[in-house]
Amino acid sequence: MKDGYLDFANSPMGSKLIKALGLPTPLPLERYKPGQAVINGTVLVGGGGEPQLLSTLAQFFKSVSAQTLAHERLPQWVAAANQAGLTTGRWGLNGEKGEKVKALVFDATGLTDSTQSDSLYWFFHDAARSLQNCGRVVVLGRPPEECASPRQAAIQRALEGLTRSLGKELKKGSNSQVVYVSQGAEGQLESTLRFLLSPRSAYVSGQVIRVRKPVGQSVAPADWAQALAGKKVLVTGASRGIGAAIAEVMAREGAQVIALDVPQAQAGLDEVAKKIGGTALAMDIGAEEAPQKLVDAAMAQGGWDVIVHNAGITRDKTIANMKEHLWTQVVNVNLSTQERINEALVASGALKSGGRIVCVSSISGIAGNMGQTNYAVSKAGVIGMVQSSAPIFAEKGITINAVAPGFIETQMTAAIPFAIREAGRRMNSMSQGGQPVDVAEAICWFASPASSGITGNVVRVCGQSLIGA
Ligand code: NAD
């Protein structure tokens, strides 16, 4: 659905009026276009204590051919960069500000005590105004639950407060995340940095991501622009909306897509499948026989590599007014089917070892929502399923993660009454709704063969919506 306010706010007359009235000013977000560089500009690097990821970062920036600069409090970046064969400069000498940059990356893995938090202050104090529009902030830390002492855990946990506040302060289409990297998982960071520092993460902000030791074998793609080359991917609910975007982005990344939807959606499904050179599978996933049918279909193709559980329904009513069948229907389609399908596909080996399961939750499942007890139960249940299944599926080399979209411009949200729709659209750090492609890009990152270190994560694609945590 078109966002007329965004267009108006960016017109010469509209921008003046909106500024005068103190209204939110959304900026058109930069989104990924095939062929473009991972980072469209220079990266300023900072760190505190004895940072442990400098050589990992230097190798990463070298592999994506990024320009970097060292903040004056991290002079050791120059040596780390040079060692990786990356030329770098210094930013902001003698208290002067340096040039504008596209991304701020801070290695906080060396912080062991809250008394060292001033390193965060100086870096972001100096650089906040130097971030370009649609800029990126990534702070790297160690998982608090894996820290050696309560003091270290406290300062590492504190990073969440910093990055979430920065997401709200920076505005102008910029985003901000913390990535907790387990000891020994340094080699698993690349797919996450490629996602977070590029326009692919346009509508993801204020998130906490955990990168762990790999589940099964981690395989860096020969060509990162075709990360899913040769992979067979099932996308449910693919005839329209977010599902159609997932199918398209997966195909763009080289996947062979099996697009599934209910028989009533056959026309839209055929159109999507034709557009992306995939196959259409008309099936109601809520039916009892669906898991076995999917196992048979996957086995006939030699097994599948990725399952994306996108199909979902809403049947909104306050619980006092809700008929029982509306409750059961929503919980069945949005949660129980996913459980049954996962169990069947994993147990039979129809989802191959090294496989990926990506689920679609919702911020309603995190924050709850008026009139959506059934939906919120189902979507919160998806989060529980992801977190509890991750260690079990890891034994088979399979990862499982979820995205939790906020307000995404689709037919589902176009049906919301105007006032509520406008509130959902504007009450986030981007002052606009997300596009289906934003959810699809996050799913592609989880689905990548290089994302073996990412499992049990739930990442919101919500522009840092004020609804929920
Ligand atoms: P949509 O209604 O446009 O698409 C959902 C698709 O799922 C439809 O094509 C539908 O036919 C299919 N589907 C429903 N039941 C099915 C079944 N039993 N078997 C097979 N297919 C079935 O919705 P959307 O906005 O594209 O949402 C996609 C997913 O994202 C859903 O899980 C939804 O809950 C979630 N989500 C959407 C938003 C948003 O803002 N649009 C926000 C949060 C979460």
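By convention here, the first residue in the shown sequence is residue 1. Numbering of ligands and ligand atoms starts at 1, following listing order.
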task: Identify which of Ile408, Ile242, Leu260 has a heavy atom lying nearest to atom 37 (C) of ligand 1.
output: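 Considering heavy atoms of Ile408, Ile242, Leu260, the nearest to atom 37 (C) of ligand 1 sits in Ile242.
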Does an N or O from [X], backbone or side chain, lie closer than 3.5 Å to an N or O of ligand 1?
X	result
Ile285	yes
Ser361	no
Thr413	no

Closest non-hydrogen protein atom to [atom], residue and atom name please, with distance?
atom	value
atom 42 (C) of ligand 1	Gly406 O, 3.1 Å
atom 10 (C) of ligand 1	Asp261 OD1, 3.4 Å
atom 43 (C) of ligand 1	Pro405 O, 3.3 Å
atom 25 (O) of ligand 1	Thr410 OG1, 3.0 Å
atom 23 (O) of ligand 1	Met412 CE, 3.8 Å
atom 31 (C) of ligand 1	Asn310 O, 3.2 Å
atom 18 (N) of ligand 1	Asp284 OD1, 2.8 Å
atom 5 (C) of ligand 1	Gly312 O, 3.8 Å

Mark up the atoms of ligand 1 that fall under 4.0 Å of a heavy atom belonging to [X], in ascending order.
X	result
Gly241	26 (O)
Gly286	18 (N)
Met283	19 (N), 20 (C)
Ser239	9 (O)
Val360	29 (C), 30 (O), 35 (C)
Tyr375	33 (C), 34 (O), 35 (C), 36 (N), 43 (C), 44 (C)
Val262	11 (O), 16 (C), 17 (C), 19 (N), 20 (C), 21 (N), 22 (C)
Gly237	6 (C), 7 (O), 12 (C)

Check: For the side-chain hydrogen bond (donor to acceptor under 3.5 Å, both in side chains) test, which of Ser451, Ser63, Ser448 pairs with Glu190?
Finding: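 Looking at Ser451, Ser63, Ser448, the match for Glu190 under the side-chain hydrogen bond (donor to acceptor under 3.5 Å, both in side chains) is Ser63.
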Got a second to check how far Arg315's CZ is from Lys323's NZ, nearest 0.5 Å?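 Rounded to the nearest 0.5 Å, the CZ-NZ separation comes to 15.0 Å.
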So for [X], does at least one of its heavy atoms come nearer than 4.0 angstrom to any atom of ligand 1?
X	result
Arg240	yes
His309	no
Ala287	no
Lys379	yes

Next on the checklist: Please check if the number of heavy atoms outside Glu271 that lie under 6.0 Å from its CD is greater than 12.
Outcome noted: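 Not more than 12 within 6.0 Å, no.
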Quick check: are there more than 12 heavy atoms from other residues, nucleotides or ligands sitting under 6.0 Å from NZ of Lys100?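 Above 12, so yes.
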What pairs with Ser362 under side chain to side chain contact (heavy atoms under 4.5 Å, CB included), at least two apart in sequence or on another chain?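 Result, side chain to side chain contact (heavy atoms under 4.5 Å, CB included) vs Ser362: Ser364, Tyr375, Lys379.
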Once you restrict to heavy atoms under 4.0 Å, what part of Ile313 touches ligand 1? Side chain, backbone, both or neither.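 Only the side chain of Ile313 comes within reach of ligand 1.
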Once ring-ring contact (aromatic ring centres under 6.0 Å, His included) is applied, do any residues pair with Trp304, and if so which ones, sequence neighbours excluded?
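Trp304: no ring-ring contact (aromatic ring centres under 6.0 Å, His included) contacts found.
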Testing the basics here: between Gly384 and Ser388, what is the closest heavy-atom pair and its distance to 0.1 Å?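 So the minimum-distance heavy-atom pair works out to O-OG, 2.8 Å.
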Candidates Arg460, Arg200, Arg31 - the one meeting salt bridge (charged side-chain N to carboxylate O under 4.0 Å, His left out) with Asp438
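Of Arg460, Arg200, Arg31, salt bridge (charged side-chain N to carboxylate O under 4.0 Å, His left out) with Asp438 is met by Arg31 alone.
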Name the residue from Arg194, Glu441, Arg136 that meets the side chain to side chain contact (heavy atoms under 4.5 Å, CB included) definition with Ser201.
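Exactly one pass, corresponding to Arg136.
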